[in-house]
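Below you'll find the structure, written out as structure tokens, and then a few comments.
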Amino acid sequence: MSSFAGRMKEYPTISLDRFDRENLHAQAYFLSHCHKDHMKGLKGPLLKRKLQFSRTVRLYCSFVTKELLLNNPKYAFWEENIVPLELESPTQISLVDEASGEKQEIVVTLLPAGHCPGSVMFLFEGGHGNVLYTGDFRLAVGDVSRMEHLHSGSRVKNIQSVYLDSTFYDPRFYQIPSREVCLRGISELTGNWISQSPHHVVWLNCKAAYGYEYLFTNLGEEFNTQIHVNSLVMFKKMPEILSYITTDRRTQIHACRHPKDEEFFLGNRLPCGCTAADGTPLRIISIKPSTMWFGERSKKTNVLIKTGNSSYRACFSFHSSFSEIKDFLSYLQPVNIYPSVVPIGRTLQEVTQMLRMMCRKQPDEAAIVYKPLGVLKRSRMQPPTNDSGSDEDLFEGLDLVPVRKKAYLNQEAERENPPETTAPPVDESVPLVVSDPQPVGQNYFDCTESNGEEDDDDEEEEEGKGDAAKGTKAPPKWEDFFSAEMLSDSQNSQSQSCCSVRTASPSRATGSQTPELFSDEEEHPDNEETFSLALSASLSDRSSQNIEDTLILHPETQNHPVQSEPEELPASQASSDFDVPGTPESKAPRPDELSQLYRKLASGEEVAIRERRFT
DNA sequence: GCGATCAGGT
DNA sequence: CACACCTGATCGC
């Protein structure tokens, strides 16, 4: 769960995904997606009051997120202050200090995050550098290399800091089967079951959260049916999702919920109470999407596990795996990385240390490391700074020191996996000093920011002992996962001149579909009235044959090798300089445009990932 | 009665 | 298999 306190060092007057405490004073708010752990304080009375007195405070998010948010009346007071932004459209925003009238301009670009419908990452470009706040994300290996707005021509933009969804940034979660593979597993199991008879139904035991929608749309499409859910209202403006869900219980695929649904299921009942008309009992299996991960060398990559007579667990992840995150970071090579999550069993120090290895190597640090006696002192460019207060208290409780790469020379080289994605050079061109905030798409920045205060280095031995003492099974040593090769790789890639892009399966930018989002929106199915499936009683009973106990599906067997197909990329890509409309308040789209937008966003259409980009 | 927080559940 | 929630108990206002 996110423990991000809401603010970024570079732009401390804005708050993201946190709306309580210090964040009450922010000049602008950003919501990456509509999960509750990213909405803390968002309906608070203090914030509500603030809005009544402020003329300038806005909440920026995607169109889909706005729609999902306003679906809950508790957030309705935001309506006038929400500015939905289109994906991949750099937008200039004024940050206004209402007391002094001071203004600061910043450009924000929403990038698809693949976490749930409407989920985005925020790229900020302004006087204090380019920073990327990922929110929660699931991107496949290679996806980042196709994101136009992270590039400037053929170069990767110079990213000062990444505020990272580090949920699975731990070698234990080295690999998580791809979305496509997981989907195929679920799809095959579903198909095998429901084709046996009309009485065979599948219950998708999904938690109440957005993110499963793409499962519904894909299954709906594949089996030419609709999935039964409790409510359609949240998707009323998202036809691409809406067309695959229904409140009509006469369907063989259900994702409905009930507070006692597990109990129901044990009694062979669906959460909606649906039964067969003629008294023939339904034959129900449950499929529970949940995260499954595998270590680096594990050959076991089953995406389905049988957990009971008629229940299954299916692999499904909202978050990128360790190797996906590594790919993402080693491509971007930010100067700093700040984790927003500490994986359980880990400590912040460990994660921070692991992340250091993914940071860009700082030239002056190389000097420090390799030329110990203070040779060369490079002159530093100080970023323009108006931080008046101390930054330290921004990150309450979290010891978030700028993470920078150090030399780790003691790794055994033993890595067979080649670097996942090769990064083009980072654009370190000298920033123009910004006198005029208009020009956007430009990197102001500086790669040698505050150095500094790094006093805490070696605490990990203690931590390790602590873990052992607690009896927690010690997670694998992370050092093993960063071999010398990898370290040198991230350096090499800087000197590489062209971008080799892999064609990994494009990730769905925005999935779609889920039952109830907000708890306060009830409307439970009425279980008194049992609906009947009007079906013939031809029940082929091969029901209770035992299926093997564990694994059902090996993705490898159907996985198309994700080799790097060359992909027709001219080595010299025309550098399109991005035009940035100055759209401080982003005009409201017309209704027709809007519904198109919703469709795109909601369907998980690959909005971001257009092949055309490098042509 | 509402909200925040925690424990415990899936 | 560790997600993103629920519910229920307790406490303070």
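First the proteins, then the strands, lettered A, B, ... as listed; each starts at 1.
A:His254 pairs by the ring-ring contact (aromatic ring centres under 6.0 Å, His included) definition with A:His228, not counting sequence neighbours. For A:Lys236, the salt bridge (Lys or Arg N to Asp or Glu O under 4.0 Å) criterion is met by A:Glu67, not counting sequence neighbours. For A:Glu79, the side chain to side chain contact (heavy atoms under 4.5 Å, CB included) partners are A:Leu70, not counting sequence neighbours. Applying the side chain to side chain donor-acceptor pair (under 3.5 Å) rule to A:Ser290 yields the partners A:Arg313; only residues at least two apart in sequence or on another chain are considered. The ring-ring contact (aromatic ring centres under 6.0 Å, His included) check on A:Phe19 picks up A:Tyr29, with sequence neighbours excluded. Contacts of A:Phe265 classified as ring-ring contact (aromatic ring centres under 6.0 Å, His included), with partners at least two apart in sequence or in another chain: A:Trp203. Taking the ring-ring contact (aromatic ring centres under 6.0 Å, His included) definition, one finds that A:Tyr133 meets it with A:Phe4, sequence neighbours left out.
Computed from coordinates, the A:Phe318 CZ to C:dC1 C1' distance equals 15 Å when rounded to whole Å. Going from atom CZ of A:Arg21 over to atom C1' of B:dA4 covers 12 Å, rounded to whole Å. Remark: C1' of C:dC1 and CZ of A:Arg172 are 10 Å apart, rounded to the nearest angstrom. Straight-line distance from the CG atom of A:Asp170 to the P atom of C:dC1: 17 Å, rounded to whole Å. The separation between A:Tyr174 atom OH and C:dC1 atom P is 22 Å, rounded to whole Å. One atom, CG of A:Leu42, and another, C1' of B:dG3, lie 16 Å apart when rounded to the nearest Å. For the pair A:Asn72 CG and C:dC5 C1', the computed distance is 14 Å after rounding to whole Å. The separation between A:Lys306 atom NZ and C:dC1 atom P is 15 Å, rounded to whole Å.
For A:Met1, counting side-chain heavy atoms from C-beta on, the closest listed nucleotide (C:dA4, C:dC1, C:dC6) is C:dA4. Out of B:dT5, C:dC1, C:dC5, the shortest distance to the side chain of A:Lys40 is found at B:dT5.
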Evaluate the side-chain contact (heavy atoms from CB on, under 4.5 Å) criterion for residues A:Cys34 and A:Met39: first the C-alpha distance (whole Å), next the side-chain angles of each, then the deciding distance (0.1 Å), finally the verdict. CA-CA 7 Å; A:Cys34 223; A:Met39 295 160 66; 4.1 Å; yes
Is there any protein nitrogen or oxygen under 3.5 Å from a nitrogen or oxygen in nucleotides 7-10 of chain B, and what are the pairs?
{"from": "B:dT10", "atom 1": "O3'", "to": "A:Glu262", "atom 2": "OE2", "distance (Å)": "2.3"}

Atom pairs, protein N/O to nucleotides 10-13 of chain C N/O, distance under 3.5 Å:
none

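Contact check, A:His319 against C:dA4: a side-chain N or O comes under 4.0 Å of OP1 or OP2. Using a 4.0 Å cut-off, some side-chain N or O of A:His115 falls inside it from OP1 or OP2 of C:dA4.
Side-chain contact of A:Glu222 with A:Ser187: a donor-acceptor pair under 3.5 Å is present, judged by distance alone.
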